[in-house]
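Notes for the one structure printed next.
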Amino acid sequence: MSLTNKIDFALIFTVKNANPNGDPLNGNRPRTDYDGFGEITDVCLKRKIRDRLQEAGESIFVQSDEKKSDGMPSLRSRAESDEFGVGKDTFNSKKTSVDTAAKICCEKWLDVRAFGQVFAYKGSGSDGVSIPVRGPVTIQSAFSLEPVSISSTQITKSVSGEGDGKKKSSDTMGMKHRVDNATYVAFGAMTPQLAEKTGFSDDDADKLKAVLPRLFEGDASSARPEGSMAVSHLIWWQHNSKSGQYSSAKVHQTLRSHIEHGESLDTSALNDALLSALEGLEPQVIEGF
């Protein structure tokens, strides 16, 4: 059974001395908008959600290279592998309709039925296929509550990376950047009407709800040391119908207004402010892991 009721959610998290999402077109500096507010893209957040779901034992289609669990060299090889109960015939338009192929993929991979996916593969003759899957779960980019302060540190590499080690190589200069201290907020929603097409269910929504409070656990790197990023709160609004009691914009605005007024973001303050903000819609405030 697909998702029963509409769900809105918000994720509040902190960054301290870390680079949450570097921009490769800007020397890998932390992303900011034109007003200096920190930004973390929706693609980056979905990558972390996929990783946490994969670690929890879920079947994930778009796996990162360092966390591959099946040894497949590409998305196409994973999609066409008989090992996963899909097979090449699924992506042969002569043998399988687009709707049937999309259904098979959604049944197999949680991230496909949640976020959607485009399966576009070239083929000989008329064997090429393009299968679009529109997912019911949407996540916005996260933005900091205030303009961020970015510190940059010059680093050097002074060891021989090649050769016999007898001759020391020249030092290589580089830069590391970090956000000193900031709080970010990201909003998202789950739409039952689209969930009907992918098979995204209430159980699937609960799986996302379970991993979001621990989004940055096991995600450490040189740019993001363990403990430098942490979820503060997950706000979970579950409506009483498929269409929802209020629009997502109005629901999200209740938290935005609380933030804009400079109110506290601790659990009790969030509960007091949001419980009475929209009549008949009471959010669940979940503390981070």
Side-chain angles (χ1 to χ4, degrees), residues 9-16 18-26 28-33 38-79 84 105-106 108-120 132-144 148 177-179 182-190 198 200 204-205 207-232 234 288-289:
F9 62 92
L11 199 65
I12 305 172
F13 56 93
T14 59
V15 176
K16 187 175 181 63
N19 186 345
N21 186 199
D23 184 353
L25 299 180
N26 190 24
N28 207 44
R29 286 173 58 85
R31 295 178 188 270
T32 57
D33 64 13
E39 178 180 2
I40 301 175
T41 66
D42 59 316
V43 175
C44 176
L45 295 174
K46 284 189 281 189
R47 172 71 273 153
K48 298 180 190 303
I49 294 173
R50 284 185 169 101
D51 288 346
R52 301 295 84 75
L53 289 170
Q54 187 178 347
E55 291 164 3
E58 299 299 328
S59 182
I60 299 298
F61 178 65
V62 183
Q63 299 180 16
S64 59
D65 288 340
E66 64 270 18
K67 293 184 181 293
K68 283 182 183 177
S69 58
D70 52 26
M72 293 296 164
S74 67
L75 292 178
R76 179 166 190 165
S77 59
R78 181 174 297 121
F84 303 104
C105 294
C106 288
K108 180 58 190 175
W109 295 296
L110 175 54
D111 59 329
V112 174
R113 62 179 180 268
F115 303 127
Q117 183 68 32
V118 177
F119 298 87
V133 178
R134 186 179 177 188
V137 181
T138 55
I139 298 177
Q140 302 176 20
S141 294
F143 290 92
S144 63
V148 295
H177 312 281
R178 67 176 185 269
V179 171
T183 299
Y184 289 71
V185 178
F187 294 95
M190 303 181 186
T198 69
F200 184 83
D204 292 331
K207 290 174 182 176
L208 265 68
K209 184 180 181 181
V211 302
L212 284 172
R214 53 193 311 151
L215 190 62
F216 305 108
E217 296 302 308
D219 189 55
S221 69
S222 174
R224 300 180 302 279
E226 197 72 67
S228 62
M229 296 183 66
V231 173
S232 169
L234 169 65
F289 175 72

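Quick caveat, the model's predicted, so the values are computed rather than measured. Both backbone and side-chain heavy atoms feed into the values below; hydrogens, waters and symmetry mates do not.
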* To do: Classify the angle between the aromatic ring planes of Y184 and F13 as parallel (below 30°), tilted (30 to 60°) or perpendicular (above 60°).
  => parallel

Between [X] and [Y], is there a donor-acceptor pair closer than 3.5 Å when you use the side chain of the first and the backbone of the second?
X    : Y    : value
Q63  : S69  : yes
T198 : C106 : no
R113 : V133 : no
D111 : I60  : no
N19  : N28  : yes

From [atom1] ([X]) to [atom2] ([Y]), nearest 0.5 Å:
X    : Y    : atom1 : atom2 : answer
K108 : R78  : NZ    : CZ    : 11.0 Å
R31  : L25  : CZ    : CG    : 7.5 Å
E58  : D204 : CD    : CG    : 7.5 Å
K207 : L53  : NZ    : CG    : 8.5 Å
L234 : F289 : CG    : CZ    : 14.5 Å
L215 : L45  : CG    : CG    : 6.5 Å

Can you give me the closest heavy-atom contact between [X] and [Y], atom names plus distance?
X    : Y    : value
T138 : F9   : O-CZ, 4.2 Å
W109 : A79  : CH2-CA, 3.8 Å
V231 : P213 : CB-O, 3.4 Å
S77  : S74  : OG-O, 2.8 Å
S144 : G38  : OG-N, 2.7 Å
M190 : A205 : SD-CB, 3.8 Å

* To do: Step by step, work out the side chain to side chain contact (heavy atoms under 4.5 Å, CB included) result for Q117 and V62.
  => CA-CA 9 Å; Q117 183 68 32; V62 183; 3.4 Å; yes

* Carefully, step by step, assess C105 and F61 under the rule side chain to side chain contact (heavy atoms under 4.5 Å, CB included). => CA-CA 9 Å; C105 294; F61 178 65; over 6 Å; no

* To do: Step by step, work out the side chain to side chain contact (heavy atoms under 4.5 Å, CB included) result for I139 and I49.
  => CA-CA 11 Å; I139 298 177; I49 294 173; 3.3 Å; yes

* To do: Check the pair K16, M229 against side chain to side chain contact (heavy atoms under 4.5 Å, CB included), reporting the backbone distance first and the verdict last.
  => CA-CA 6 Å; K16 187 175 181 63; M229 296 183 66; over 6 Å; no

* Asked: Just one of R50, K48, Q54 clears the side-chain contact (heavy atoms from CB on, under 4.5 Å) bar with R52, so which one?
  -> K48

* Asked: So do D23 and R29 actually touch side chain to side chain, heavy atoms under 4.5 Å?
  -> no

